[in-house]
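Since the structure comes first, as structure tokens, the remarks are kept for the end.
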Amino acid sequence: MAKIGKVAVLDQVEGTFEVKEYEVPRAEPGTFLLKTELCGVCATDVHMYYGRFPDLQFPIILGHEHVGIIEELGSGRTVDYLGRPVKEGDRIIPAAGAGCGECYYCRIARTPTRCQNGATIGFTPDTADWRFAGGYGQYVYHKHSNMTFLKTDLPADVAVLLEPMCVGMNGVNRAGVRLGDTAVVQGAGAIGILAAVCAKRAGAANVIMVGAPKARLELAKKFGVDVVIDIDEHRSAEERIKLVKEETRLGIGADIVFECAGVPAAIPEGIAYLRDSARYVELGAFTDRGDVAINPHWDLLQKNVTLYAMWGDEITDYAQALPLLEKLEYPYAEIVSHKVPLTRVKDAVDAIGKGGYVLDGRGAIKIAVDPWMS
Ligand SMILES: [Zn+2]
Ligand SMILES: [Zn+2]
């Protein structure tokens, strides 16, 4: 008898998540089918819910930060991204996206995340041609033949953090943290904390986090963050700029700043944290949240600044970040503050979108959907 799986399907912008049951497909040659254990709720999913991705097609199954067990390997699928043999029943972390492998971005620029002909789990409409194309479901069907995954023995509630960690990894890889640097991370969410881990492990001697609320900043300290500056206590940008500079060598400013808050006003403030000839790394503005004024002379040229902007992460970041995560040097599982069933995806989206990151009366960091929970 055909297997049935549940998914949470979003019908339209600001619509409803309906739990539907579909027949689970068999994995075609070159594809694989995942039995989902957890899927993190990303702020990106919330932006998608609110229609901040104009090209998105509905209905859709959201969710890209997924981990689970190989349910079925299509013929020809025998190894993970690193070439390690895999079998059904192994825990894997799939990469959310796959490039076409043939376009300029895939072949020449080597940034398949900018491929316009690929496919991404959680960004692909739910159609009769491709069911289970998002992480908020009991199964995820990786139907694109370039989709890939990494095998791991990590517990699912740590493995689910690999994708957000890779955003920080991408920033560190491209902008380069140097040994002894003072790095600042703006934003105390999952990406902020995991970017801080990457900066620290890459050699930053002093990691300063500017964010809120207090509970997240306390957690960040367990992840090696040296100094926290609470924006609920220090409410003006001028005050925060002064505090950050006081924590840097010679008081001249930071060597590198990572913007992980996704708030436009954070950018001129973060550039002001920098010493001259330093690097600013934009990781947070994943959707259009409006403009912000920059003075090209004072903010950029006078500072001799280098700007970087990262669109998510590449599969190579997954391969690099996984062994770091697997060392379990920090209490990663504490980042997953809540687990919710498919019937509560909307509650999770509301908590992030308009609930000030509070769910069930508790502060949330990473909410994960457990599609088998009732
Ligand atoms: Zn994400
Ligand atoms: Zn391509």
Side-chain angles (χ1 to χ4, degrees), residues 10 36 38-50 52-53 56 60-68 93-124 133-136 140 144-149 156-171 187-195 197-198 258-262 282-287 289 310-318 321-322 325 332 335-338 340 345 348-349 351-353 357 364-369:
L10 176 62
T36 316
L38 287 176
C39 182
V41 181
C42 182
T44 300
D45 301 332
V46 177
H47 294 313
M48 293 160 83
Y49 174 81
Y50 284 109
R52 295 176 194 141
F53 278 82
L56 205 66
I60 191 167
I61 303 167
L62 300 178
H64 52 273
E65 300 174 3
H66 56 317
V67 55
I93 307 168
C100 71
E102 293 170 2
C103 71
Y104 192 90
Y105 289 106
C106 287
R107 282 198 173 150
I108 310 299
R110 293 180 182 252
T111 54
T113 53
R114 299 314 302 139
C115 173
Q116 303 301 310
N117 314 310
T120 308
I121 293 300
F123 291 75
T124 299
Y136 301 157
V140 179
H144 194 291
S145 60
N146 287 344
M147 285 183 162
T148 187
F149 55 83
D157 50 4
V158 176
V160 73
L161 300 171
L162 183 66
E163 195 277 339
M165 186 172 192
C166 286
V167 177
M169 177 64 82
N170 191 12
I191 288 184
I193 292 174
L194 294 165
V197 167
C198 293
F258 297 93
E259 196 282 294
C260 303
E282 174 53 45
L283 301 172
F286 218 68
T287 52
R289 307 303 306 276
M310 310 296 162
W311 183 260
D313 44 53
E314 302 288 351
I315 177 66
T316 46
D317 299 309
Y318 281 65
L322 184 59
L325 206 56
Y332 291 109
I335 292 178
V336 180
S337 58
H338 296 71
V340 297
V345 170
V349 166
I352 297 169
Y357 274 88
I365 301 178
K366 175 58 72 184
I367 304 171
V369 175

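Atoms within each ligand, like the ligands themselves, are counted from 1 in listed order.
Minimum-distance N/O/S atom of Glu65 relative to the Zn ion (ligand 1): OE2.
With the Zn ion (ligand 2) at the apex, Cys115 SG and Cys106 SG define an angle of roughly 110° (rounded to 10 degrees). At the Zn ion (ligand 2), the vertex angle linking SG of Cys103 with SG of Cys100 is 110° (nearest 10 degrees).
Using a 4.5 Å heavy-atom threshold, the side chains of Thr120 and His144 count as separate.
With Cys260 as the fixed residue, the side-chain contact (heavy atoms from CB on, under 4.5 Å) test singles out one of Ile193, Ile191, Leu194: Ile191. Just one residue in the list Val349, Val345, Val340 forms a side-chain contact (heavy atoms from CB on, under 4.5 Å) with Ile367, and that residue is Val340. Put simply, the residue from Met147, His66, Glu163, His64 that forms a side-chain contact (heavy atoms from CB on, under 4.5 Å) with Pro94 is His66.
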